[in-house]
Amino acid sequence: MSKDRSDFFDRVYEVVALIPSGKVTTYGHIAQHLGLKSAARTVGWALNGAAASGLPCHRVVNRFGALSGRLKFGNPFAMEDQLRNEGVAFLDDGTVDMALHLWDPDEAVGRKPTSSS
DNA sequence: CACCTGACAAATT
DNA sequence: TAATTTGCCAGGT
């Protein structure tokens, strides 16, 4: 349908909104699910406004599991606190344990967009 | 109208 | 093995 705005952003919002509690995903995985594995940068840019959109963008971290956008939550501790509140384990580096909480959209959706366009 | 920046990631030299 | 460069989309200057 009319996607003359930013179908890319909309898709990012959809995927981020699907992230289950206690799980986290990376910008690259979202981008890859959208078909643009290299557009991880654009995904981060999309989340730039997602924090105000009510999306669980706190469940999105970079490929290292580091809370790259925690400064966008108003309180840099809000993101970490939120994830810990959901049962996410943090490493000594202050990063999320990707080995336990990595959530793949491609796998969760079954490699198929549920957007039922 | 053209160039630069931005919550990243992967490939190449 | 490490450092550098490119790719991606949108928005701001």
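Numbers restart at 1 for each chain; the letters A, B, ... are given by sequence-line order, proteins then strands.
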Next on the checklist: Does the protein touch nucleotides 2-9 of chain C at the base, only the backbone, or not at all? Give it as B, S and - per nucleotide, heavy atoms under 4.0 Å.
Outcome noted: -----BBB

Checklist entry - Do A:Leu83 and A:Val24 come within less than 4.5 Å of each other through their side chains, counting heavy atoms only? => result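 Yes, at least one pair of side-chain atoms sits under 4.5 Å.
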
Qualifying salt bridge (Lys or Arg N to Asp or Glu O under 4.0 Å) pairs, either residue in [range], two or more places apart:
range                      : answer
residues 91-102 of chain A : none
residues 42-57 of chain A  : none
residues 49-62 of chain A  : A:Arg59-A:Glu86

Item to check | Contacts of A:Asn48 that satisfy side-chain hydrogen bond (donor to acceptor under 3.5 Å, both in side chains) - sequence neighbours left out | outcome: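 A:Asn48: no side-chain hydrogen bond (donor to acceptor under 3.5 Å, both in side chains) contacts found.
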
Item to check | With A:Thr26 via side-chain hydrogen bond (donor to acceptor under 3.5 Å, both in side chains) - residues at least two apart | outcome: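 By the side-chain hydrogen bond (donor to acceptor under 3.5 Å, both in side chains) rule, A:Thr26 matches A:His29.
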
Next on the checklist: Can you check the distance between B:dC8 and C:dT1, where both ends of the measurement are the C1' atom (answer in whole Å)?
Outcome noted: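 After rounding to an integer number of Å, I get 22 Å for this pair.
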
Checklist entry - What interatomic distance, in whole Å, is found between P of C:dA3 and the corresponding atom of B:dA7? => result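 Result for the P pair: 23 Å, nearest Å.
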
Determine all donor-acceptor pairs shorter than 3.5 Å in which one atom belongs to a side chain in residues 70-81 of chain A; sequence neighbours excluded.
from	atom 1	to	atom 2	distance (Å)
A:Glu80	OE2	A:Arg84	NE	3.2

Checklist entry - Could you give the start and end, 5' to 3', of the contact zone on DNA chain B for chain A, using atoms under 4.0 Å from its heavy atoms? => result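 On DNA chain B, the outermost contacted nucleotides are B:dG6 to B:dA10.
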
Next on the checklist: Regarding A:Ala51, tell me which of base, sugar-phosphate or nothing describes its non-hydrogen contacts under 4.0 Å with the strands shown.
Outcome noted: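 If one applies the 4.0 Å heavy-atom cut-off, A:Ala51 turns out to touch a base.
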
Next on the checklist: Mind checking if A:Asn62 touches a base, just sugar-phosphate, or nothing, with heavy atoms under 4.0 Å?
Outcome noted: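 If one applies the 4.0 Å heavy-atom cut-off, A:Asn62 turns out to touch the sugar-phosphate alone, with no base involved.
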
Checklist entry - Tell me, which pairs form a side-chain hydrogen bond (donor to acceptor under 3.5 Å, both in side chains) where one or both residues lie in residues 34-45 of chain A, sequence neighbours left out? => result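 Listed once each, the pairs would be none.
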
